Amino acid sequence: MNQSQGQQTSEGRHEDDAVLADFLASLMDYTPTIPDELVEHYLGKSGFQCPDVRLIRLVAVATQKFIADVATDALQHCKARQSTIVKDKRDKQQKDKRLTLTMDDLSKSLREYGVNVKHQDYFADSPSAGLDPASREE
């Protein structure tokens, strides 16, 4: 590596450090959606202690971004699922444009990010299924 390349690399690092310093300073004025106390709690449960509020807020911003990405992907799965409804039901759905996000939509979205969610399937063979046996009237 010649001297001019080393100088460019050094200048690039200096610019990156300046941008990072500016970003961390801007976190002091930013109030994230996820409260600092909540982030500190979960970081503490994982064994991480940090007195620097900027780092806590950086984790909060990253978490907020992750949740937003998962929710957006789940919405796309929901729209794709509901677009496959048979033609007969489509006319009725045009009147009611509300989307229903299911656990399957969320599970598919989370799976794309490496999070496997297993949820219990619930089946009821009668309206009284799941009730206390003493309260059943059969």
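Predicted, not measured: the structure shown is a model, and the values here were computed from it. Quick note: numbers below take in every heavy atom, side chains included, and nothing from hydrogens, waters or symmetry partners.
Between the side chains of Thr102 and Asp105, at least one donor N or O lies within less than 3.5 Å of an accepting N or O. Counting only N and O atoms by type, the side chains of Gln82 and His77 include no donor and acceptor under 3.5 Å apart.
Under the side-chain contact (heavy atoms from CB on, under 4.5 Å) rule, Cys78 has a single partner from Asp73, Leu99, Thr100, which is Leu99.
At a threshold of 4.5 Å between non-hydrogen side-chain atoms, the residues Ser107 and Arg111 count as touching.
Residues Leu58 and Val19 do not share a hydrophobic cluster, clusters being chains of Ile/Leu/Val/Met/Phe/Trp/Tyr side chains in contact below 4.5 Å. Linking Ile, Leu, Val, Met, Phe, Trp and Tyr whenever their side-chain heavy atoms come within less than 4.5 Å puts Ile56 and Ile67 in one cluster.
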Which donor-acceptor pairs under 3.5 Å do side chains of residues 37-48 form with protein atoms, sequence neighbours excluded?
unit_1, atom_1, unit_2, atom_2, d
Ser46, OG, Leu43, O, 2.8

For residues 25-34, run the donor-acceptor check on the side chains, cut-off 3.5 Å, and write out each pair with its distance to 0.1 Å, sequence neighbours left out.
unit_1, atom_1, unit_2, atom_2, d
Ser26, OG, Phe23, O, 2.6
Thr33, OG1, Gln64, OE1, 3.4
Thr33, OG1, Gln64, NE2, 3.3

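In this view, Lys118 satisfies the salt bridge (Lys or Arg N to Asp or Glu O under 4.0 Å) rule with no residue, not counting sequence neighbours. Evaluation of the salt bridge (Lys or Arg N to Asp or Glu O under 4.0 Å) rule for Asp52 yields Arg54 as partners, not counting sequence neighbours. Shown here are the salt bridge (Lys or Arg N to Asp or Glu O under 4.0 Å) partners of Asp104, two or more places apart in sequence or in another chain: there are none. Qualifying side chain to side chain contact (heavy atoms under 4.5 Å, CB included) partners for Leu106, counting only residues two or more places apart in sequence or in other chains: Val70, Ala74, Met103, Leu110.
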